[in-house]
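Since the structure comes first, as structure tokens, the remarks are kept for the end.
For reference, positions follow the sequence shown, starting with 1.
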Amino acid sequence: MVKRIAAWIGIGVIGVMFLLSALAAATARPEANGLFMASMVSLVFVPVLLWIFIKLYEWAHRNDGITRKEMKEIEKRIAAGENPEDIAKEIEEKYGK
């Protein structure tokens with residue numbers, strides 16, 4: 001969910017920068033060159049910064065609980081006939097306090 005939000009923020013920032021540079025170019029304002037350069041720089045730096053923020057978020061929240069991958073493995077184990085109570089004990093030992 002965090003990745004989607006960050007992606008939409010990045011798309012919005014880049015879109016606004018292009019819109020501003022197109023508007024400045026269409027009105028032949030003296031700021032057009034600066035706005036165009038800002039939009040080009042944002043094309044590189046916004047995705048890089050968002051990637052860094054996402055990785056930092058994942059690093060900070062890496063032990064928050066069961067991941068989707070682990071949940072799928074647990075569901076497979078239950079479907080294979082393993083005792084759910086044993087799996088629950090394993091989860092409690094791993095994540096419980």
Side-chain angles (χ1 to χ4, degrees):
M1 186 65 166
V2 172
K3 291 180 183 181
R4 286 184 187 175
I5 293 170
W8 281 110
I9 290 171
I11 290 169
V13 168
I14 291 171
V16 167
M17 292 303 297
F18 275 117
L19 187 65
L20 287 175
S21 62
L23 249 125
T27 58
R29 299 190 71 163
E31 303 91 29
N33 288 339
L35 289 172
F36 179 74
M37 288 306 295
S39 66
M40 291 297 113
V41 169
S42 71
L43 256 179
V44 174
F45 285 111
V46 169
V48 170
L49 286 174
L50 289 174
W51 182 81
I52 290 170
F53 291 146
I54 289 169
K55 290 302 174 187
L56 286 173
Y57 179 86
E58 289 175 353
W59 178 76
H61 296 285
R62 67 183 181 272
N63 293 325
D64 282 353
I66 299 174
T67 63
R68 289 183 192 171
K69 184 179 178 183
E70 290 172 326
M71 197 61 175
K72 286 182 181 180
E73 290 174 8
I74 291 168
E75 290 170 356
K76 286 180 185 177
R77 289 171 58 189
I78 292 172
E82 196 169 331
N83 187 0
E85 292 178 5
D86 294 338
I87 296 172
K89 288 178 185 175
E90 287 178 26
I91 294 170
E92 182 65 31
E93 288 174 5
K94 186 173 181 181
Y95 297 104
K97 293 182 180 179

[X] [atom1] to [Y] [atom2] distance, which is reported to the nearest 0.5 Å:
X     : Y     : atom1 : atom2 : value
Glu90 : Glu82 : CD    : CD    : 6.5 Å
Arg68 : Met71 : CZ    : CE    : 12.0 Å
Glu92 : Glu85 : CD    : CD    : 13.5 Å
Trp8  : Leu50 : CH2   : CG    : 13.5 Å

Measuring only between side-chain heavy atoms, which start at C-beta, is Ile74 closer than 4.5 Å to Ile91? yes
Verify the cluster assignment for [X] and [Y]: are they in a single hydrophobic cluster under the rule of side-chain heavy atoms below 4.5 Å apart?
X     : Y     : answer
Val48 : Leu56 : yes
Ile54 : Ile5  : no
Val46 : Ile9  : yes

Passing candidate, side chain to side chain contact (heavy atoms under 4.5 Å, CB included) with Lys55, options Trp51, Phe53, Trp59: Trp51
Does Glu73 have any side-chain contact (heavy atoms from CB on, under 4.5 Å) partners at least two apart in sequence or in another chain, and if so, which? Lys69
